[in-house]
Amino acid sequence: MKFNQRTHTCGELRESDIGKKVVLNGWVDTRRDLGGVIFIDLRDRYGITQVVFEPSYNGEAHELGKELRSEFVISIEGTVRKRPADTDNDKIPTGHIDVMVDKLVILNASETPPFPLEDDIDVHEDIKLKYRYLDLRRSAMQKNMLLRHKMAQITRNYFDEHSFVEVETPVLMKSTPEGARDFLVPSRMHKGKFYALPQSPQTYKQLLMVSGYDRYFQITKCFRDEDLRADRQLEFTQIDVEMSFVDVDDIFTMIEPLMKRYFKEVLNYDIQLPVKRLTYDEAMEKYGSDKPDLRFDLQMVTLNEAFKDSEFRVFKDSIANNGIITGLLAEGCGDFTRNQLDVLTDYVKKLGAGGLIWMRVKEDGLEAPIAKFLSDDEKQSIIDNMNAKPGDLVFILSGPKSKTLSIMGSLRLEMARRLDLVKEDADPALLWVTDFPLFEWDEETQRFYAMHHPFTSPRIEDIDKMETAPGEVKARAYDLVLNGHEIAGGSIRIHDAKLQQQMFKALGISDEEAKEKFGFLMNAFKYGAPPHGGIAFGFDRLVMIFAGEHSIREVIAFPKTTSGISLMDESPSLVGDHQLKELHVKVR
């Protein structure tokens with residue numbers, strides 16, 4: 001249907017345009033019929049403009065305007081006027097004008113949408129995902145998509161200014177063991193062989209350093225066939241970065257100003273540099289997490305020294321087994337009821353704790369179920385170490401170090417929630433977590449795995465421990481944490497073929513498997529590989545935090561559900577037998 005090209009968007013007109021003849025195109029947002037005069041809020045992604053159909057002004061346009069309903073796509077021609085004083089709308093930029101309609105063209109009618117296209121709607125997420133093309137019309141979703149676009153542009157501009165080259169790496173690659181399960185793609189031309197979708201461009205960006213590109217970045221899709229949750233998707237986006245001839249401090253120096261730019265240009269907030277740093281061991285002992293939320297204090301305290309001579313069996317056994325005794329002070333919570341304490345005890349038990357020790361701090365000492373098992377010196381030591389005062393509550397957990405610290409870290413977050421310690425206007429908390437263990441032990445398989453990935457370099461001073469004491473080896477690895485979310489992670493890489501072989505051996509990867517999976521990378525290292533390192537941002541998660549959302553699905557145009565289904569186009573789906581036959585695949 002013929003229509004005139006728009007002269008303005010629906011968010012553009014102001015009082016300075018009064019008297020102009022204009023053409024607007026968009027969707028009917030709302031329709032109001034007041035005594036024969038029809039008011040339409042006309043919407044596009046730029047904003048809303050009120051247009052008016054008045055029978056005494058233009059009877060033909062008014063008659064056609066009676067047909068309009070929500071989400072009709074229309075084009076109008078008309079004249080901008082000043083709104084009557086009692087109808088001004090200060091909430092929108094166009095709220096002081098409207099457009100008197102001379103001509104209306106209905107470009108497309110619409111059925112009644114399955115849900116109102118409004119912000120803060122109460123509708124099941126599955127319905128919104130099924131009709132995602134409608135959900136994306138809502139201003140809140142459009143704001144998120146535009147924010148994502150802006151952050152992508154900030155990223156590209158920043159790295160371009162610093163001599164980085166954006167290189168696109170393959171989406172069809174070799175299947176390599178990098179931690180998560182690969183998505184496999186059968187090859188039609190090579191019977192019985194498969195490509196994998198990249199979990200990350202890790203090997204390619206290292207090869208680009210061997211190729212002499214010095215500074216690489218890419219905003220890229222990655223794929224991992226793993227179980228989902230609110231901040232994970234089967235396909236996700238990374239900002240991938242790699243640099244040659246660098247050490248850890250060089251990576252930090254490059255990334256911190258980028259974070260400063262995000263905060264300034266997106267939120268108009270000035271973060272202070274340099275960013276705070278904590279070692280992995282410090283983060284775990286103080287906050288029970290390798291991605292601690294530092295928007296509130298509430299630090300954990302290690303109490304092993306206080307109980308080194310304790311006869312209380314629980315504490316004595318923990319120390320004897322190289323475990324940990326950790327305490328958490330809840331200020332002013334000494335009046336918690338027994339029921340409240342029982343609920344918290346059940347909370348930590350569900351996480352795997354044997355129980356929760358609690359102590360009320362009184363004027364005359366500690367009140368606790370285990371008080372009779374502790375000496376006066378031990379009780380005083382608890383008060384002193386925890387810096388406790390009357391009216392406070394002390395929690396204590398003991399057991400295997402990693403597990404116990406993690407559980408206490410979860411209790412720390414639960415207490416912060418109960419005490420409302422994280423305020424809406426809290427300053428953002430950004431920090432680096434450094435010196436991760438190179439390996440982590442898996443009880444189920446009784447073997448070590450790479451905590452980050454098998455190309456992470458150990459600290460130089462720890463290389464001799466890789467065979468004798470792998471659990472003590474620290475990595476030249478680091479994570480960037482924002483408000484309790486890991487938003488980026490990276491490391492200095494192994495660039496020496498012999499050290500890489502040593503790493504594979506420690507991980508139980510045989511020479512044959514290493515050659516089969518990573519032979520191309522190992523060969524590349526033989527031809528002058530520079531020292532190099534990098535970092536990768538979880539771009540979806542980064543945008544989610546800046547948008548103030550709680551799920552990355554809110555900042556991805558067409559996401560999957562937590563079960564990996566696209567409700568809109570009903571994928572994954574069955575395919576025809578002829579397609580399977582071409583691919584030499586049989587479904588059983």
Side-chain angles (χ1 to χ4, degrees), residues 6-58 61-62 65 68-104 110 113 115-123 134-151 263-270 423-426 546-549 554-555:
R6 66 185 174 189
T7 60
H8 299 78
T9 69
C10 293
E12 193 173 347
L13 296 172
R14 301 291 188 270
E15 288 181 273
S16 58
D17 298 302
I18 290 172
K20 285 183 181 178
K21 294 285 188 180
V22 298
V23 177
L24 302 179
N25 302 328
W27 286 260
V28 174
D29 191 69
T30 58
R31 176 184 186 275
R32 300 180 302 282
D33 193 333
L34 304 178
V37 180
I38 300 170
F39 294 89
I40 296 291
D41 282 344
L42 188 62
R43 183 193 75 238
D44 62 14
R45 78 168 175 89
Y46 303 96
I48 287 179
T49 296
Q50 178 173 278
V51 301
V52 183
F53 297 85
E54 192 170 304
S56 61
Y57 179 81
N58 190 305
H62 176 266
L68 298 181
R69 296 294 182 270
S70 176
E71 300 309 310
F72 275 40
V73 185
I74 64 174
S75 175
I76 66 101
E77 297 179 34
T79 303
V80 183
R81 71 167 186 177
K82 177 78 175 73
R83 282 201 197 190
D86 59 343
T87 65
D88 271 9
N89 182 356
D90 292 326
K91 295 181 179 178
I92 58 175
T94 61
H96 299 291
I97 57 93
D98 56 23
V99 178
M100 298 299 292
V101 178
D102 297 309
K103 181 182 178 182
L104 165 66
S110 172
F115 54 88
L117 304 189
E118 304 165 356
D119 294 341
D120 302 318
I121 52 172
D122 184 16
V123 59
L134 296 179
D135 190 39
L136 286 170
R137 290 185 192 172
R138 295 190 301 117
S139 62
M141 289 303 299
Q142 293 193 343
K143 182 180 177 182
N144 286 350
M145 292 301 110
L146 293 172
L147 172 63
R148 186 182 179 108
H149 164 77
K150 181 175 183 177
M151 293 184 70
F263 274 101
K264 185 62 178 177
E265 295 192 21
V266 176
L267 301 177
N268 194 29
Y269 180 89
D270 289 304
K423 305 300 180 184
E424 286 294 323
D425 59 350
F546 275 82
E549 298 286 2
E554 297 302 306
V555 297

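For the single chain, residues carry numbers from 1 onward in sequence order.
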Self-check item: Residue pair V23, S75: steps toward the side chain to side chain contact (heavy atoms under 4.5 Å, CB included) verdict
Solution: CA-CA 7 Å; V23 177; S75 175; 3.9 Å; yes
Exercise. Please test R81 against V52 for side chain to side chain contact (heavy atoms under 4.5 Å, CB included), starting from the C-alpha separation and ending with a verdict.
Key: CA-CA 10 Å; R81 71 167 186 177; V52 183; 4.1 Å; yes
Self-check item: Donor-acceptor pair, side chain of R137 and main chain of L117, under 3.5 angstrom
Solution: no
Counterpart residues, side-chain contact (heavy atoms from CB on, under 4.5 Å), relative to [X] (two or more places apart):
| X | value |
| --- | --- |
| L146 | R45 |
| N144 | M141, A547, E549, E554, V555 |
| D119 | R138, S139, A140 |
| E12 | H8, T9 |

Quiz item: Which salt bridge (Lys or Arg N to Asp or Glu O under 4.0 Å) pairs, counting each pair once, include a residue from residues 83-93, with sequence neighbours left out?
Solution: K82-D88
Roughly how far, to the nearest 0.5 Å, is [atom2] of [Y] from [atom1] of [X]?
| X | Y | atom1 | atom2 | value |
| --- | --- | --- | --- | --- |
| D135 | F115 | CG | CZ | 4.5 Å |
| I74 | K103 | CD1 | NZ | 13.0 Å |
| E54 | M100 | CD | CE | 4.0 Å |
| D41 | S70 | CG | OG | 11.0 Å |
| I76 | L24 | CD1 | CG | 4.5 Å |
| R32 | I40 | CZ | CD1 | 8.0 Å |

Where do [X] and [Y] come nearest, in terms of heavy atoms and distance?
| X | Y | value |
| --- | --- | --- |
| L104 | A61 | CD2-O, 4.4 Å |
| L134 | P113 | CD1-CB, 4.4 Å |
| D17 | V80 | O-CB, 3.4 Å |
| N58 | D102 | ND2-O, 2.8 Å |
| P55 | G36 | CD-O, 3.7 Å |

Quiz item: For I97 and R14, what are the C-alpha separation, side-chain angles and deciding distance, and is it a side chain to side chain contact (heavy atoms under 4.5 Å, CB included)?
Solution: CA-CA 7 Å; I97 57 93; R14 301 291 188 270; 6.0 Å; no
[Y] side chain reached by [X] side chain, heavy atoms, under 4.5 Å:
| X | Y | answer |
| --- | --- | --- |
| I38 | H62 | yes |
| R6 | D44 | yes |
| I48 | C10 | no |

Self-check item: CA sep, side-chain torsions, deciding dist, call: E71, R43, salt bridge (Lys or Arg N to Asp or Glu O under 4.0 Å)
Solution: CA-CA 9 Å; E71 300 309 310; R43 183 193 75 238; 2.8 Å; yes
Self-check item: Sequence-distant partners of F72, ring-ring contact (aromatic ring centres under 6.0 Å, His included), two or more places apart
Solution: none
Practice problem: List the steps, then state whether side chain to side chain contact (heavy atoms under 4.5 Å, CB included) holds for F53 with V51. | Solution: CA-CA 7 Å; F53 297 85; V51 301; 4.1 Å; yes
Exercise. Evaluate whether atom NZ of K264 has more than 12 neighbouring non-hydrogen atoms of other residues, nucleotides or ligands under 6.0 angstrom away.
Key: yes
